[in-house]
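These notes are about the structure you will find just below.
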Amino acid sequence: MTEPVSRDCEGGCACRHVRYRLSPPPLIVHCCHCRWCQRESGAAFALNALIESDRLQLLSGHADLVTTPSASGKGQRIARCPVCRVALWSHYAGSGDRVSFVRVGTFDEPDRFPPDVHIYTESKQPWVVLPPGARAFSQYYKSREVWSAQSLERREALQR
Ligand SMILES: [Zn+2]
Ligand SMILES: [Zn+2]
């Protein structure tokens with residue numbers, strides 16, 4: 001990587017009511033190929049950067065949290081712009097409000113955060129061809145085996 005990943009990253013919705021800033025690096029970037037993400041995005045997969053919610057700062061506007069069914073059955077809360085309704089991030093039951101799954105496509109510079117791991121590839125649309133060597137799991141994975149030591153430490157800190 002040629003640029004420091006620690007540089008702040010801004011983003012927002014389509015109508016610019018909601019603007020946010022986050023402090024990278026993300027804990028991990030998921031490319032999720034599950035059917036639920038396909039339905040919710042209307043596309044082939046969802047790209048989410050996981051980050052501690054206290055590293056995600058709202059610069060303007062506010063987001064509505066919309067409860068939405070999820071694959072686990074426990075639901076997720078999707079933060080959407082109240083004006084244009086674009087989805088910006090989600091909270092899942094597992095990690096709760098302390099972790100935000102930020103939609104990479106809403107970053108001003110989405111190219112900075114390619115996926116670290118592909119999940120639920122069992123339902124990957126067949127035309128999506130993963131790059132050689134990409135980390136991929138047919139369903140989910142064990143964080144301990146995939147996350148960097150720093151990210152695992154940050155997660156530990158969240159649970160204290
Ligand atoms: Zn908007
Ligand atoms: Zn998914």
Side-chain angles (χ1 to χ4, degrees), residues 8-22 25-53 55-131 134-148 151-152 155 158:
D8 272 357
C9 153
E10 293 189 6
C13 65
C15 79
R16 298 187 71 84
H17 171 75
V18 178
R19 294 289 300 163
Y20 65 77
R21 175 185 296 145
L22 65 81
L27 296 161
I28 192 160
V29 179
H30 280 172
C31 186
C32 184
H33 300 265
C34 83
R35 293 294 187 206
W36 294 79
C37 285
Q38 292 178 16
R39 229 180 340 259
E40 285 154 19
S41 63
F45 51 77
L47 196 55
N48 285 314
L50 280 62
I51 191 127
E52 298 93 325
S53 297
R55 294 172 78 139
L56 174 64
Q57 180 196 352
L58 209 51
L59 299 176
S60 69
H62 77 282
D64 282 345
L65 285 170
V66 181
T67 301
T68 307
S70 69
S72 72
K74 292 175 186 157
Q76 59 170 316
R77 283 153 60 241
I78 303 183
R80 293 183 177 274
C81 168
V83 183
C84 71
R85 300 289 172 184
V86 163
L88 297 153
W89 63 82
S90 301
H91 302 295
Y92 284 89
S95 45
D97 288 354
R98 288 170 298 184
V99 177
S100 297
F101 287 58
V102 186
R103 303 290 190 271
V104 173
T106 66
F107 292 169
D108 294 343
E109 301 171 278
D111 301 355
R112 281 178 64 195
F113 301 101
D116 296 308
V117 63
H118 293 263
I119 57 175
Y120 291 100
T121 55
E122 63 184 9
S123 49
K124 179 175 74 58
Q125 294 184 15
W127 60 267
V128 177
V129 180
L130 303 187
R135 273 197 113 160
F137 294 87
S138 64
Q139 295 186 342
Y140 208 69
Y141 62 86
K142 290 193 173 72
S143 310
R144 229 168 278 285
E145 292 165 10
V146 175
W147 287 27
S148 69
S151 290
L152 287 169
R155 192 181 62 167
L158 275 181

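Every number for a ligand or one of its atoms is a count from 1 in the order of the listing. Here the structure is a predicted model, which is why all the values come from computation and not from measurement.
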Is H30 close enough that one of its N/O/S atoms sits under 2.8 Å from the Zn ion (ligand 2)?
-> no
Classify the side-chain pair R103/S90 by whether it contains a donor and acceptor separated by less than 3.5 Å.
-> yes
Contact check: C34 to the Zn ion (ligand 2), N/O/S below 2.8 Å = yes
Vertex the Zn ion (ligand 1), rays to SG in C81 and SG in C84 - rounded to 10° | 110°
Can you tell if the side chain of F113 reaches within under 4.5 Å of the side chain of P26, non-hydrogen atoms only?
-> yes
Report yes if the distance between the aromatic ring centroids of H33 and Y120 is under 6.0 Å, otherwise no.
-> no
Do the ring centers of H30 and H118 come within less than 6.0 Å of each other?
-> no
Work out the angle at the Zn ion (ligand 1) between SG of C13 and SG of C15, rounded to 10°.
-> 110°
